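The structure displayed is predicted, hence computed values, not measured ones. Proteins come first, then strands; the chains are lettered A, B, ... in the order of their sequence lines, and each starts at number 1.
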Amino acid sequence: MKAGNSQIAKEPGPVIRLGNRSRFTLVILILIALLIPALLLNVNIGSVPIAAGDVFRMIWDAIRYGLANLFTNGGFADKLQSVTGSSTESQILFTIRIPRILLAAVLGGALSVSGYLLQVFFRNPIAGPFVLGISSGAKMVVGITLVFLGSFFSGVSSFTMLAAAFIGSLLVTAVVLLFSQKVRNMSMLLVIGIMVSYICGAVTDFCITFASDHDVANLTSWSMGTFSGASWQNVGTALLVCIPGTVAALLLSKPIGAYALGEGYAQSMGIRVRPFRVLLILLSSLLSACVTAIAGPISFVGIAVPHITRSLLKSSKPSFMIPATFLCGAVFCVFCDLIARTVFAPTELSIGTVTSVFGAPVVIYMMVNRRRGMED
Amino acid sequence: MENYFKTDGLAVGYNGRILIHDINIELEKGKILTLIGPNGAGKSTILKSITRQLETISGTVFIGSKDIVSWSPKEMAKKMAVVLTDRIRPELMTCAEVVATGRYPYTNAFGKLTPRDAEAVREALELVHALDLAGRDFMTLSDGQRQRIMLARAICQEPQIIVLDEPTAYLDIRYKIELLDILRGMAGQRNVTVIMSLHEIDLAMKISDYLLCVKGDTIDAFGPPDEILENHTIEQLYELQDGSYNLLFGSVELTKPEGPPRIFVVAGGGHGISRYRELQKRKIPFATGILFESDVDCQVAKELSDHVVTAPPFEPMTERQFRKAADLLTACEAVIDAGTPAGTLNHYNTELIRLAEDRGIPVYRGKDAEVPV
C-alpha cells in the first residue's frame, strides 16, 4: 500500500479503495489541532491565570534545563529548580496543571480505547465500560479496598488501587459475559449493565456507611470521578499502563477487523477465537481499570468517543480507529476537564457530570438512529 | 482419481451428544457435494464439524491425506473458506473491505494488503459480478448482493475447498442460478472442491457431482444424483407422498384432490397441464386420457390424478385404451377438451369427445372455458 489511497486499479476497471487513508490523516490532523489549544487553554485558565507567553517560556525552560541536566549529570539542577519551583505560578503549572492535563489526555484516550475494545467484543456499538457496569464494579472493589484495607494500612498505594479496580472490572465483565450468553439483544445487555451498576453501587454505599469520615471524604470525591488528584506519580502509572495497553490493542488490529464479521468467519480465517476474546476483555478491563483507579468512574466516554470517531473516519478499520479513538478521547476529556474546572469556578464539577452532559445525548442519538438490522 | 476430502466414521453433534453418526464421505478434487435433507436433519451440524467450528465427537475428517485436527488455524484457512448463514453486520465497511478480509491468512501481522492481495480482491469481485459494489457500504446491500459479496470473500481466500451453508437461502431465482454457475466454474476451472447444503432438490440434482442425504441419526444415502434419483431416496428422505415429487423434472406438484373423478380432461401434448392445475386448485378430482407415456401432460397428470389412461409412445392408441377412457368419461359430470390437435395416432381422443356429446355430457372447450362444477 503506497501513500494516499490504496487502490486496486487495472485498466480500464473501476478503482477499488480499501480504507480511506487521506481521511484518516485529515481526522488525525484535526484532532491534534484541537488538542494543542485545549492543552494550552487548560494550562492557561484557572483560579490563577497564567499568560500563554509565560506558559511557553516556563515549559521551554523546563525542557531545556531538564535535558541539559540530564546530559551534564545534574549540572543544571539549580537552574531547573529555579524554573519549576521558584514562583507560585510555576509551582501551579508544574505540580498541578500540567500533570492534570496530561492525566486527562492519557486516561481519556485509554477509556475510549477500552470502550472501543468492548464494542468489538460484543459486536455492539452501545457497549462501554460505564454502561455495562464495569466501571461501577471497579469502583466497588476500590471502595471496599479503601475502606477496609485503608484502616489497616496507613495508606493505599496507587498500585493497590489499580489492582483492586482491575479485579472489580474483571468481576463485572465476567457477570455481564455470563448474561450475554443468554441474551443476544443489545437493549437487554444495557439493562443488565445498569442493574449490575446498581448492585455495585449498593455495595459501595454499604461500605461507605461503615467507613470512617476521613475515608468517606476520600471515597466520595474519587467516586464522582475527577482528575483533581493528579500527580506526576499518577501520570507515570497511567502512561505505563495505558500506552502499552493501547499499543497492544493496535497490534490486534488485524484480528479485530476480521472479528467484525462474526465468530464463525473469524474462525474460518484462522483466528484462534477463544484466546483472542480473552485478550480483548483483559486489555479492555486493564485500560478501564487504570482509569477508574486513578480518576474514578467516568461516564459515557467509552461509548460516545468511539462512536464520534467512527463517524469522523466514516470507516471502522481498526488500525485507523484505535489511534484516532485514543486521540479523540484525549481531546474530549481535556475539554470536559476544562469545563469541569472553570464553568462554576471556584467550585469544581466532577468530570463525570460534564462527560454525561456531552456523552449521554450521543448514546441516545445512537439508540434512536441505529440502522435496521442492528436490533437483533 | 485420489480422494481429496474424506470423512471416516465421523460422528457429529452438540455438547458430546451424537446427532448423526457414521458419516463416510469420499470426494475427489474439483467435485461438488451437496447435502440435502429436511429442516433440522443436521446439515449445518455436519458442515460446522468439517469446518472445525464444532468439535467432532468421533471419527476423522481428512483434507488431502492429513487429519484436519493437525492443521494449524492458519493452514486450515488457506485450505478451506466458508459462506455461513450468519447474518453479519459490519459497521461502515465497504464491500471491498469485507472481501479483503478473505486475505487474512496471507497478509502480515498488521493485515497490510499487498498489490497481489488487492488484485485477488478485484478478481473475486469480478467473478461474482459485483465489481460495481466494491465501494458500497456492505450494510446497504440487498440479501442477494450480500451473498455474492460473501462468496467473493470466500473465493478471495483462495481455498482448495469452499463450504457453503444454504448459500441460496435469500436469493431470487436469477441469483440462485448465477451463484450455482459460479460454483460450477470454481469447481471446473480452479479445481476447487465445493461442499454445501441446499434446500432446492432440483438445483442440487443439477449442480452436484455427489449428494449426501441427511436425515436423523445416520446418512440415508451418498452417491451421484442419478443413483439417488433411481432409488427413490428423495421421497423417503422428505417423507413425500408417492408421485408428488417429479424426479425427472425436479418439480413438485401439490397434493392430489381426493375422491372419484368428476371431470374428464381430454388432453395431450402439453395442453392439459394448466387445466389439471386449475382443477387441483379447486380441489376437483379428475380423470384424463388418453395420454402417451412420453407426453409431458402424462408426467403432471400422474402426480395430480389416480385416473390417468395412458398409451405406449410411438404406437397408435388402441380400442382397449379407448374403452377404459370411455368408462371413466361416462361416469363424469363434465368433459374438458384441452384443445390437443387430432392426428393419426390419437384419433380415439376425438372419439371420446364425440361420445360425450352423444351421451349429453357437457363439453367445455378452449383455454378460458369456465367449468361450472
Side-chain angles (χ1 to χ4, degrees), chain A residues 1-2 5-10 13-20 119-120 123-125 250-276 306-307 309-321 370-376, chain B residues 48 51-53 72-78 80-105 107-115 117-123 125-126 131-132 134-135 137-140 150 153-154 157 159 163 165:
Chain A
M1 227 180 286
K2 293 179 191 79
N5 300 329
S6 47
Q7 297 171 344
I8 311 167
K10 195 186 180 188
V15 173
I16 295 174
R17 302 197 330 182
L18 287 165
N20 193 334
Q119 290 164 20
V120 169
R123 244 173 281 111
N124 184 333
L250 202 55
L251 292 177
L252 285 180
S253 305
K254 186 185 170 186
I256 286 173
Y259 192 72
L261 300 193
E263 271 169 57
Y265 283 112
Q267 188 262 0
S268 82
M269 290 177 227
I271 298 175
R272 294 174 200 265
V273 173
R274 207 168 288 171
F276 170 73
H307 178 71
T309 314
R310 215 175 276 123
S311 316
L312 287 175
L313 288 175
K314 290 209 189 306
S315 164
S316 55
K317 203 177 150 116
S319 57
F320 290 176
M321 269 302 282
R370 62 186 178 187
R371 270 168 296 178
R372 271 186 309 117
M374 300 289 276
E375 281 90 357
D376 42 47
Chain B
K48 277 184 187 152
T51 55
R52 292 215 310 206
Q53 306 221 353
S72 77
K74 195 175 165 182
E75 284 173 322
M76 182 81 179
K78 287 182 180 176
M80 186 185 268
V82 298
V83 175
L84 306 170
T85 47
D86 305 12
R87 304 268 272 173
I88 67 159
R89 28 171 228 225
E91 263 198 296
L92 294 170
M93 271 175 99
T94 64
C95 292
E97 285 174 324
V98 172
V99 174
T101 61
R103 299 308 296 169
Y104 192 96
T107 54
N108 68 8
F110 300 98
K112 191 179 149 99
L113 294 170
T114 61
D117 294 318
E119 179 54 26
V121 172
R122 203 195 59 82
E123 258 179 38
L125 278 167
E126 199 168 27
L131 209 49
D132 54 322
D137 184 341
F138 184 82
M139 294 300 285
T140 66
M150 294 322 286
R153 197 207 65 81
Q157 208 170 321
V163 177
D165 196 359

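- A salt bridge does not link A:Lys317 to B:Glu97: none of the charged side-chain nitrogens sits closer than 4.0 Å to a carboxylate oxygen.
- Between A:Gln267 and B:Pro73, the closest side-chain pair of non-hydrogen atoms is not below 4.5 Å.
- For A:Ser319, no part lies under 4.5 angstrom from a heavy atom of chain B.
- Judged by distance alone, the side chain of B:Arg89 and the main-chain N or O of A:Arg123 form a donor-acceptor pair under 3.5 Å.
- Expressed to the nearest 0.5 Å, how far OG1 of B:Thr94 lies from NZ of A:Lys314 amounts to 14.0 Å.
- Contact of B:Arg87 with chain A is not made at all, since no heavy-atom distance falls under 4.5 Å.
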Test side-chain contact (heavy atoms from CB on, under 4.5 Å) on A:Tyr265 and B:Val83; report intermediate values, then the result. CA-CA 8 Å; A:Tyr265 283 112; B:Val83 175; 4.2 Å; yes

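- Counting non-hydrogen atoms of other residues, nucleotides and ligands closer than 6.0 Å to CZ of B:Arg52 gives a total above 12.
- Ranked by heavy-atom pairs under 4.5 Å with chain A, the list B:Ala109, B:Gly102, B:Ala81, B:Ser72 is led by B:Ala109.
- Contact detail for B:Ala77 and A:Ser268: the closest heavy-atom pair is CB-O, 3.4 Å.
- Both the sub-6.0 Å distance and the 45° axial angle are not jointly satisfied by A:Lys254 relative to the ring of B:Phe110.
- If you tally non-hydrogen atom pairs under 4.5 Å between each of A:Gly262, A:Ala266, A:Gly257, A:Gly264 and chain B, the highest count goes to A:Gly264.
- Using a 4.5 Å cut-off between heavy atoms, B:Met80 touches chain A through its backbone atoms (N, CA, C, O) alone.
- Proximity to chain A is limited to the side chain of B:Gln157, based on heavy atoms less than 4.5 angstrom apart.
- Nearest heavy-atom pair across A:Leu261 and B:Ile88 is O-CG2, 3.0 Å.
- For a residue to count as touching a neighbouring chain, one of its non-hydrogen atoms must lie under 4.5 Å from one of that chain's; by this rule A:Pro318 does not touch chain B.
- The CD atom of B:Glu91 sits 8.5 Å away from the CE atom of A:Met321 when rounded to the nearest 0.5 Å.
- Proximity to chain B (any heavy atom under 4.5 Å) is shown, for A:Ser253, by neither the backbone nor the side chain.
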side-chain contact (heavy atoms from CB on, under 4.5 Å) between B:Arg153 and A:Met269, worked out: CA-CA 10 Å; B:Arg153 197 207 65 81; A:Met269 290 177 227; 3.4 Å; yes

